[in-house]
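Everything on this sheet refers to the single structure shown next.
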Amino acid sequence: MNVTLESLGGGVDTIWVVLSAAMILLMEGGFALLEAGFVRYKNSVNIIMKVFADITIGTLIFYIFGFGLMYGKDAGGLVGTSGFMLGGDLSNLHFTISVDTFWLFQAAFTIAVISIVSGAVAERINFRAYLLYVIFMTGLVYPLGGHWAWGGGWLSQLGLQDFAGSAVIHALGGFSALAAAIVIGPRKGKFNQAGNSTVALPSNLPLASVGAFLLWFGWFGFNAGSTLSATDARIGHIAITTMLSAAAGGGITLIYTLFRYQRSDAPSVINGSLAGLVGITAGCAFVSDGAAILIGAVSGLLMMAATNWLEARRIDDPVGAFPVHAVSGAWGTVAVGLFATDGGLLYGGGWHQLGVQILGLVTLAAWGFATTWCGLKLIGRLVQVRSSEEEEEIGLDISYHGMIAAHRSAEFIELEDHYLAEDDMGSGSNSKR
């Protein structure tokens, strides 16, 4: 077989994208550990099972029809009409990698979106209702919003810049999480009769921190992998802006809580770092190093403010999905219109790009919120959306999965047959006679 420079380049790009997709899929382990560490111990298995639902059912639904709606041939800037089960005409996609490789990368993104919502409804959603919502999100909500911005739809035609998904993934997923948290309501005992929030201590902060580190690691595949090419000269710059923004988000919350509360708050620092990662996702390829640090720092502070806003309005979000993903994603999307070195307002680009960014953000946020609100109301007609008080009190691990996260019972139980021992003694005495 003759190996050409073009085929060699395509092979290298394929390896790069597959490895990046694998890094993003590893982020599901990060979501599982982060959320399990933040919630109460009696709900850890349920968190893990929801992540498995995301990665199994979500993958299959996206393969069957979600990908076609998102990246199929455009119809009126609204929806894709081909590519279901990777069949049909996909000549509108022009990459050096195969359609199969591109699908794998996009499937990893899809799974991340639904995992955002998982954290906001932790500890009180009916598992069967959650399975139906996974189908709804990965098969309809995210693919349609993604088509508008990335699949050749009307937002992409206007010029929306969202390199790796601050708006398409995080704002859409984050506002969906807000709607879900409102519809389902707070956990029993989270707010007292006076309306004040009670303290919900994380069950395992070291576990949550490991989850955050896995997410941080996977984010390099999330952002840099979005080049879809191993030879893209922007990869190094994307990696450094990602790192700087995450560091700034975590650093600012570390310092803020240290001086505000006289102690550095670990959950805030964890979520501050994640907020920095979310904030830079849209502009990682478009902004300077200095702008990345500013974006990350503002993301961390906005996350803190949004967390307090939720508490004041008695909205229960156990892992901070809305402050981390929705608020930071919104800021990151707008920041592209301000700080993009090519077309940003502060770089002489005028108001056009900023206006498109705001329009895209509002559209995707409203779409995620409204469809999730309506979708859960519809699901509620089929199955109870919220777990019962008894199930919540016992814990969703036992209620829905019949087991707890860990136990200390003996690995093996030694069996002693006293009747057999007595028979042996009797046989021995008879032999002596």
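Taking the ring centroids of F102 and F95, they lie under the 6.0 Å cut-off. Aromatic ring centres of W219 and H170 lie closer together than 6.0 Å. The distance between the ring centers of F213 and F217 does not fall below 6.0 angstrom. F286 and H237 have their aromatic ring centers separated by at least 6.0 angstrom.
Side chain to side chain, T372 and Y133 meet the donor-acceptor criterion of an N or O pair below 3.5 Å. Side chain to side chain, D54 and S115 meet the donor-acceptor criterion of an N or O pair below 3.5 Å. A donor and an acceptor atom, one from each side chain of E311 and S197, are located under 3.5 Å apart. Under the 3.5 Å distance criterion, with hydrogens and angles disregarded, no donor-acceptor pair is assigned to the side chains of D232 and S229. In the model, S98 has no side-chain atom that pairs as donor or acceptor with a side-chain atom of D100 under 3.5 Å.
No side-chain donor-acceptor contact under 3.5 Å links T242 to the backbone of I280. Of the possible polar contacts, none joining the N43 side chain to the G395 backbone as a donor-acceptor pair under 3.5 Å is found. The backbone N or O of L78 lies less than 3.5 Å from a partner atom in the side chain of W148, making a donor-acceptor pair. For S226 (side chain) and F222 (main-chain N/O), a donor-acceptor pair under 3.5 Å exists by modelled atom type. Remark: the backbone N or O of E393 is paired with a side-chain donor or acceptor of K42 at under 3.5 angstrom. Judged by distance alone, the side chain of Q357 and the main-chain N or O of V336 form no donor-acceptor pair under 3.5 Å.
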(message) Checking H147 against W367 for the ring-ring contact (aromatic ring centres under 6.0 Å, His included) test, could you report, in this order, the C-alpha distance in whole Å, the side-chain angles of both residues, the deciding distance, and whether it holds?
(response) CA-CA 13 Å; H147 180 80; W367 170 251; over 10 Å; no
(request) Before giving the answer on side chain to side chain contact (heavy atoms under 4.5 Å, CB included), spell out for T363 and W154 the whole-Å C-alpha distance, their side-chain angles and the decisive distance to 0.1 Å. (result) CA-CA 11 Å; T363 299; W154 65 279; 3.6 Å; yes
(message) The test is side chain to side chain contact (heavy atoms under 4.5 Å, CB included); show your working for T253 and M304 and say whether it passes.
(response) CA-CA 8 Å; T253 50; M304 296 287 294; 3.9 Å; yes
(request) Please report the C-alpha distance between T371 and F136 in whole Å, then the side-chain angles of each, then the deciding distance to 0.1 Å, and finally whether the side chain to side chain contact (heavy atoms under 4.5 Å, CB included) criterion is met. (result) CA-CA 9 Å; T371 52; F136 181 65; 4.3 Å; yes
(request) Verify side chain to side chain contact (heavy atoms under 4.5 Å, CB included) between L144 and M70, making sure each step is shown before the conclusion. (result) CA-CA 6 Å; L144 288 182; M70 187 166 178; over 6 Å; no
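Relative orientation of the F322 and F175 rings is perpendicular, given thresholds of 30° and 60° on the angle between their planes. The aromatic rings of Y130 and F127 lie parallel to each other, their planes meeting at an angle below 30°, with 60° marking the opposite boundary.
If you run side-chain contact (heavy atoms from CB on, under 4.5 Å) between I47 and each of D397, L396, V39, only V39 comes through. For the side-chain hydrogen bond (donor to acceptor under 3.5 Å, both in side chains) with T96, the lone residue among D13, T14, T231 that qualifies is D13. Exactly one residue among L378, V383, N126 makes a side-chain contact (heavy atoms from CB on, under 4.5 Å) with L132. That residue is V383.
Between V141 and L172, some side-chain heavy-atom pair lies under the 4.5 Å cut-off. Two residues are said to be in side-chain contact when any heavy atoms from C-beta on lie closer than 4.5 Å; D342 and Y347 fail this criterion. Put simply, the side chain of V168 reaches to within 4.5 Å of the side chain of W150, judged on heavy atoms. L310 is listed as a side-chain neighbour of P323, based on a closest heavy-atom distance under 4.5 Å. Side-chain contact between F105 and S20 is present, with heavy atoms from C-beta onward closer than 4.5 Å. R314 places none of its side-chain heavy atoms less than 4.5 Å from the side chain of P186. V278 is not listed as a side-chain neighbour of S299, based on a closest heavy-atom distance of 4.5 Å or more. Residues Y63 and T110 fail the side-chain proximity criterion, which asks for heavy atoms closer than 4.5 Å.
Considering CG of N92 and OG1 of T81, their distance stands at 8.5 Å, rounded to 0.5 Å.
In terms of heavy atoms, F220 sits closest to W216 at CD1-O, 3.5 Å. Considering every non-hydrogen atom in both V327 and A306, the closest pair reads CG2-CB, 3.6 Å. Between T281 and F163, the closest heavy-atom pair is O-CB, 4.0 Å. Heavy atoms only, all atoms of each residue included: G332 and A282 are closest at O-CB, 3.8 Å.
R386 and E392 are joined by a salt bridge, as a carboxylate oxygen and a charged side-chain nitrogen come within less than 4.0 angstrom of each other. For R40 and E123, the salt-bridge test passes: some basic side-chain N is under 4.0 Å from an acidic carboxylate O.
Within a 6.0 Å sphere centred on CD of Q157, other residues, nucleotides and ligands contribute more than 12 heavy atoms.
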